[in-house]
Undergrad: 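Encoded as structure tokens, here's the structure I'll be asking about.
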Amino acid sequence: MSNRLRVLAALAALPLAWPLAEANAQAKYPHQTVTLVTHSSAGGGSDVFLRELARHLGPAMGVNFVVENVSGGSGAKAMARMAKAPPDGSVFYATTPTYIQTTLLSKPEVGYTALEPVATVFLDPEVVYTRVESPHKTLAAVIEDAKKNPGKAKWGAANPASLERIALERLMRKTGVKAAVVSHEGGGQLMINVLNGTLDIGIGEIQEIRAQLDAGKVRILATLTDKRLDQFPEVATAREQGIDLVVTKFRGLAGPKGIDPKAAAAIGDGIKAVLASPAYKKEYLKENLVVAFMPHAEAVKFTGGFAKEVEASLQEFGLLKK
Amino acid sequence: MSAVAAAWAALTGGWAIPAAFAGVVWGIFGGALPGISPSIAMALLLPFTYGMDPIPAVVLLASVYVGAEYGGSIPAILIRTPGTNSAMATILDGYEMNRQGKGGEALGISLVSGLVGGLFGLVVLALFTEPLARVALAFTPPAYFALGILGLSVVASLSGGSLVKGLIAALLGLMIATVGTDPVSGVSRFTAGAPELLGGIRPILVMVGLFAVSELMIQVGEPDWAKADVRDTRLKLPGRATWKRMIRPHSIGAVIGTVEGVTPGAGGTIAAFMSYNEAKRWSRHPEEFGRGSVEGVAAPEAANNVVTATALVPLLGLGIPGSNSAAILLGGFLIHGMQPGPMLFERNPEVVYALYGGLLVANVAMLLVGLVILGPCLWLVNRPKPYLIAFILALVMSGIYSIEQSFFDVGLTLAAGVAGYFMRWVGLPFLPMVLGVVLGYLVESNYRRSLVLSSGDHAIFVQDKVSLALLLAAVLLAGWSLLRDLRTRSGKARAAGGAPS
């Protein structure tokens, strides 16, 4: 479309855009309908993230967002779907560390390198927790105890080869403790084994343990974040307890490789603006999400570095051949 | 009591009762369609609940589950194809009854058994959610392993004659279950580079292929199919004598459905098979089983409807979904900002009580809808065979496709169908294979998890009390079946030897 045509089209669309113009002074986004692809099925983590983002971002940008669930293959199918999409800003994918891990471990035909991060939006804070019957109040105490009783420590993560599993392996290296690291098929099973005392500690997102936490059945021992969480100011970070362990479980958006930088910038600006809106803020704070906004260039750099780090960890723990 | 009052108001004033009826109708149709499991039928509706109020949304989803468990028995009885996984046990005697011209009675038994089971399960759910939720906590990894072994020991009784052939089929099933992502290390196994196989081969594909597709292949090769058997079929509610015979299987189904329902990971399919087995063992007429026994239909159909309610115990009590269907319902709760778990009873008690009320309505609705919905089903079965087979095949394929919008799955199902055709040819039974596929992952992952916990020491399986009890039960079950097998065989041999022609 030539420039003159574009101006004409914009003029023609002006009456339609009138109610939106007040809400959004920026240039109109080039696509009326934008598809948001996720590997999670309806009701899953990324699905909820996209639907809530779309509900606030849609009116703000004047764009109709449609969520498409391409589940299966731990993200492999969704990545294959993205590789076929035009890089014009009409299709985005909800990123989490999952798509990088799937690429590294399962080596599907289309991997994370076929996608280009457009923005990171949130961090899901990860915590280490135990049941309330446990004598320990901090992660440092658990580590201390494990050092005194070698061969007895039992730690659990929700899924094999997940970010959480890697974090536990790193915890072992950093503290010099030898523990049995048990992976499960999802957070539910992990929770049972923490509650019945099979495991000393579990690791997971706050959202996953929310119900048991509110009921007073589990206790958070440490947050694996840079800073203490606003909702749990009394819980010290692992770092404060002398254990240098931070887990960055990010949520963001990516487009197909070579995405139109203008579209990427527009989406980034839109997200940045909507993150500050009180209505959205109320919702994501309720879910304990921490804002970690990075625009296009920064997100690309961060994701690349993150992938390298995960790859190195997987190789170190023998899950991946060099 | 104010929460109960609020629940009553929500149930009677809003859309909850229509939602329960709609859910049951959708569930029966979904359950009757081979390939659409209860969880799929629920998942198809999940997107539509986004815009609904929380109570009708949750009631709708739970009602689909109730309806689907009855719906699944319709094709199981009429066309020997399980509409749902848990209706597989119903085929054994239900289809046999149909062949003897008693299809209407079999359907009536299935319907009332479902009602009895559903109501019993509801009582269990309402009265014992909190105490029963603790049963789930007793299940450590070794206990789950033992549970899987107990399930597999059913092979001995389900192999239909030859124990060796049953074991071969079970082993093949276990091998299929190893495809996918390694449960401990997370690396991919036997996937041949196909991303579709990373999540493993879903049991539903194997089941539908083995049972439905291979049956259709065989039907195509056979000249006729006796229409007269079903033309006069009316759903016949059981009479007093039949009710009397059903007391025992219903009790067995109620107990097993309760235990399996509250135990995450077990579910309706295993409950149905186990109660079929136990009903046979405790029956006064075990010889009728497999030849159109009333009890053989009543026990599994009661059990799988008990599970529709009791599977919600760990979900509501602990926030832990024990089955696919419960996971979808969890999704329904989460969409509306409610977190199932102990706090749900304190935060949203009206939703919990309204769900109980909704389930009650759904069970009654199942009886009413079940009485009238059969007409269309019977009409369907009486269509000319070529049309029907083409139609069923189309339904099966579209059902399979709709799970993940994947043609790969359709291909897998067809492949399983061809495999099933040859298995029939060499006389390998399907049920042990299906059990292997269903339980393989549970057994393997918990076996390895236990060994990680014990640093490789197998003693963990006898040190854990639940595990020990379940393993002993498995040994007893297998040994008892083997003994019975040998005795009947030697009895037969003696009879044959004693009466030479």
Undergrad: Between Asp464(B) and chain A, with a heavy-atom cut-off of 4.5 Å, which part of the residue counts as in contact: side chain, backbone, both or neither?
TA: neither
Undergrad: I'd like to know if the side chain of Arg449(B) and the backbone of Val182(A) have a donor-acceptor N/O pair within less than 3.5 Å.
TA: no
Undergrad: Name the option with the most non-hydrogen atom pairs under 4.5 Å to chain B; the candidates are Ala180(A), Gly156(A), Gly197(A).
TA: Ala180(A)
Undergrad: Could you go through the side chain to side chain contact (heavy atoms under 4.5 Å, CB included) check for Asn193(A) and Tyr144(B) one step at a time?
TA: CA-CA 11 Å; Asn193(A) 285 336; Tyr144(B) 271 112; 5.8 Å; no
Undergrad: Identify, with sequence neighbours excluded, every residue that meets salt bridge (Lys or Arg N to Asp or Glu O under 4.0 Å) alongside Arg81(A).
TA: Glu68(A)
Undergrad: Tell me the salt bridge (Lys or Arg N to Asp or Glu O under 4.0 Å) pairs involving residues 155-166 of chain A, sequence neighbours left out?
TA: Glu164(A)-Lys249(A), Arg165(A)-Glu169(A)
Undergrad: In terms of heavy-atom contacts, does CD of Glu283(A) have more than 12 from other residues, nucleotides or ligands at under 6.0 Å?
TA: yes
Undergrad: How long is the gap from NZ on Lys152(A) to OG on Ser455(B), to the nearest 0.5 Å?
TA: 9.0 Å
Undergrad: Is it the side chain or the backbone of Leu199(A) that comes within 4.5 Å of chain B heavy atoms, both, or neither?
TA: side chain
Undergrad: So what's closer than 4.5 Å to chain B heavy atoms on Val181(A): side chain, backbone, both or neither?
TA: backbone
